[in-house]
There are 2 protein chains.
Amino acid sequence: MQDNPMTAPASFDVALRAAQARITDYAHSRLTGADDLHAAMRYAMVGGKMLRGFLVLESGRLHGLAPDAAMNAALAIECVHAYSLVHDDLPCMDDDDMRRGQPTVHRKWDDAMAVLAGDSLQTFAFELMAEPVVGPHALAALRTLAQSAGKDGMVSGQMLDIAAESAETPLNLDQITRLQQRKTGCLIEWSATAGAVLTGADPAPLATYARALGLAFQIADDILDVEGDMNKVGKALRKDEDAGKATFVSLLGLDAAKKRASDLVEEACEALHPYGDDAETLKQAARFVISRDN
Amino acid sequence: MQDNPMTAPASFDVALRAAQARITDYAHSRLTGADDLHAAMRYAMVGGKMLRGFLVLESGRLHGLAPDAAMNAALAIECVHAYSLVHDDLPCMDDDDMRRGQPTVHRKWDDAMAVLAGDSLQTFAFELMAEPVVGPHALAALRTLAQSAGKDGMVSGQMLDIAAESAETPLNLDQITRLQQRKTGCLIEWSATAGAVLTGADPAPLATYARALGLAFQIADDILDVEGDMNKVGKALRKDEDAGKATFVSLLGLDAAKKRASDLVEEACEALHPYGDDAETLKQAARFVISRDN
């Protein structure tokens, strides 16, 4: 087993689990408050795959980013992701009772706690990015994090998603691709390029990788929603179909959706060419997103 | 009338209105999106006193901070304040229908929009602070903004406030002072010290000023809740008394609360001694917070 995933490529499976453990430990070491707010923040961070944080650590390793800087950025992106899930699960949004195999924050506590825990997870993400350990390019990375997460990024994607539910005609492929790019693609791209941005290197190859990966990830999510086992996925499934929502599966058909996801993974892997063998773990990550069962 | 409040002290009344107009114009110039999310964000920014933004501009003027840097910081703090009001007004929190004389965001749109508009206002605040125009001390100011707004600052104050509502015994004076310091004091202190922090100057005198001002402001709010005219204040009053909540008025009595607020204003003004006549507008601001009727 690879002891330190910052120093050499490891097999994806090992690297993802190591990243998850290290980010979770760091989250717990930074969120030590004894009050319910801190407890809810810690709770919301538990059990995620932490693919975004893993991408930050891997892109950091590829560019020789200091491990402490990479860890702050990895926890920051996982806090943004966790905040968005806590708010999306609220009764006034997607109204979900289960997340990552456990009751959602508003079911475990109440709606007010979910609003506030989500709010403070977002704030904490920016606090982490503003700490001196992140280094001389912190402000540039922080700015793109805000752009990726906010009114023209993730939140606008969530808005488009809500609007689509009450629209008279289902979204077409262009519209759903744009929705996905905003709702999940922006933050996946930020994660995969963080190591380049934080070392002042060219983020273009990793951005190309991330755009293909992000789209493949969403198509795989739609496939899981149709084919998945709720006990493994850890949340309610078949909601899109029940709601009559357009998905990549409903628009393309199941087989064509799988083919498209597979083609995107190849595109993602080709974009990593400049990194040679060092990028093997990221290539495995791309293959993982379309083969996962949760 | 003072044309440019950045270059010389103006009377408080003129300076506050000028700051409010300039910050509102800047908010509209930055939030131009045609979608409902941007509309809700603009709506949430309208009609506030913008005392926090005014404090940023004034402390910036005292320290010779570039006007564009001050304006980004002023809009940032008003976005944080607006986000906190939009979320606090939600049915699962304070459940208020009116704010600043108009329907709250969740009444005008719905709860989901209020969650998302609040979320993206917070994100936008950090985006503004991360823009190059803010200058070489941006990261330090951004970090203290996150600390002041988050799990150990404003959000924890809101948590304490919610917990107090269901507590068996009302808060005592120490507890309510701590709650106020977190819920509103932290961001007032950040605002008043922003000009010093963003120019690398000593923020201590302005911090002392702000701590006294923030406490006086909250005491004045409690007095307004008892004595105010809802048509002027623009939101529901007498809620604290009806809920049996401890306030500075219930703990000190009305006359002693007024005396305490007045003493704090004198303390605030004395702290401004190092700035001489340049701080006249900030002194007037301190006197305003205990004489306002809204």
Side-chain angles (χ1 to χ4, degrees), chain A residues 30-31 33 35-38 40-41 80 83-84 87-88 90-95 106 110-132 134 136 138-156 158-160 162-163, chain B residues 30-31 33 35-38 40-41 80 83-84 87-88 90-95 106 110-132 134 136 138-156 158-160 162-163:
Chain A
R30 293 298 307 265
L31 297 168
D35 58 5
D36 279 354
L37 178 64
H38 281 81
M41 291 171 76
V80 171
Y83 120 69
S84 76
H87 282 186
D88 285 2
L90 279 166
C92 66
M93 306 270 279
D94 292 352
D95 194 14
H106 70 272
D110 57 26
D111 292 7
M113 178 64 90
V115 171
L116 292 174
D119 287 345
S120 51
L121 280 167
Q122 179 176 191
T123 322
F124 185 49
F126 290 107
E127 183 178 339
L128 285 163
M129 288 303 297
E131 292 181 349
V134 183
L139 207 59
L142 198 157
R143 187 179 178 192
T144 55
L145 178 59
Q147 290 167 334
S148 304
K151 62 191 171 55
D152 304 305
M154 181 181 71
V155 175
S156 78
Q158 179 66 9
M159 277 294 306
L160 293 173
I162 292 173
Chain B
R30 293 299 306 267
L31 296 168
D35 57 5
D36 279 355
L37 179 65
H38 281 82
M41 291 171 77
V80 171
Y83 120 67
S84 75
H87 282 186
D88 284 2
L90 280 166
C92 66
M93 304 271 278
D94 292 351
D95 194 14
H106 69 272
D110 56 25
D111 292 7
M113 178 64 89
V115 171
L116 293 174
D119 286 345
S120 53
L121 280 167
Q122 178 175 193
T123 321
F124 186 48
F126 290 108
E127 183 178 340
L128 285 163
M129 288 303 298
E131 292 181 350
V134 182
L139 207 60
L142 198 157
R143 186 180 178 191
T144 56
L145 177 59
Q147 291 167 334
S148 304
K151 62 191 171 57
D152 304 305
M154 182 181 71
V155 174
S156 77
Q158 179 66 9
M159 278 293 306
L160 292 173
I162 291 174

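Chain A is the first sequence line, chain B the second, and so forth, proteins listed ahead of strands; every chain is numbered from 1. Values in this document were obtained by computation on a predicted structure and should not be read as measured data.
- A/D119 is listed as a side-chain neighbour of B/H87, based on a closest heavy-atom distance under 4.5 Å.
- Looking at B/L121, there are no atoms closer than 4.5 Å to chain A (heavy atoms on both sides), in backbone or side chain.
- Between A/F126 and B/F126, the ring planes are parallel. Angles under 30° get that label, and only those over 60° would be called perpendicular.
- When B/D36, B/T144, B/L31, B/D111 are compared by the number of non-hydrogen pairs under 4.5 Å with chain A, B/D111 comes out ahead.
- Within the 4.5 angstrom heavy-atom criterion, no atom of B/D110 approaches chain A.
- If you take CG on A/D152 and CG on B/L37, they are separated by 8.5 Å, rounding to the nearest 0.5 Å.
- Taking CD of B/E131 as the start and CG of A/L142 as the end, the distance is 11.5 Å to the nearest 0.5 Å.
- Chain A forms more heavy-atom pairs under 4.5 Å with one residue of B/G150, B/G33, B/A112 than with any other, namely B/A112.
- Heavy atoms of B/L128 lying under 4.5 Å from chain A are absent altogether.
- Side-chain contact check for A/V134 versus B/L139: every heavy-atom pair is 4.5 Å or farther apart.
- Between B/Q158 and A/L116 there is a side-chain heavy-atom pair separated by less than 4.5 Å.
- Neither the backbone nor the side chain of B/M154 comes within contact range of chain A, judged by heavy atoms closer than 4.5 Å.
- Of the candidates B/Q122, B/Q147, B/K151, A/T123 forms a side chain to side chain donor-acceptor pair (under 3.5 Å) with just one, namely B/Q122.
- When A/P132, A/A140, A/G118, A/A125 are compared by the number of non-hydrogen pairs under 4.5 Å with chain B, A/P132 comes out ahead.
- Looking only at heavy-atom pairs under 4.5 Å with chain B, the residue among A/A138, A/A114, A/A163, A/A130 that has the most is A/A130.
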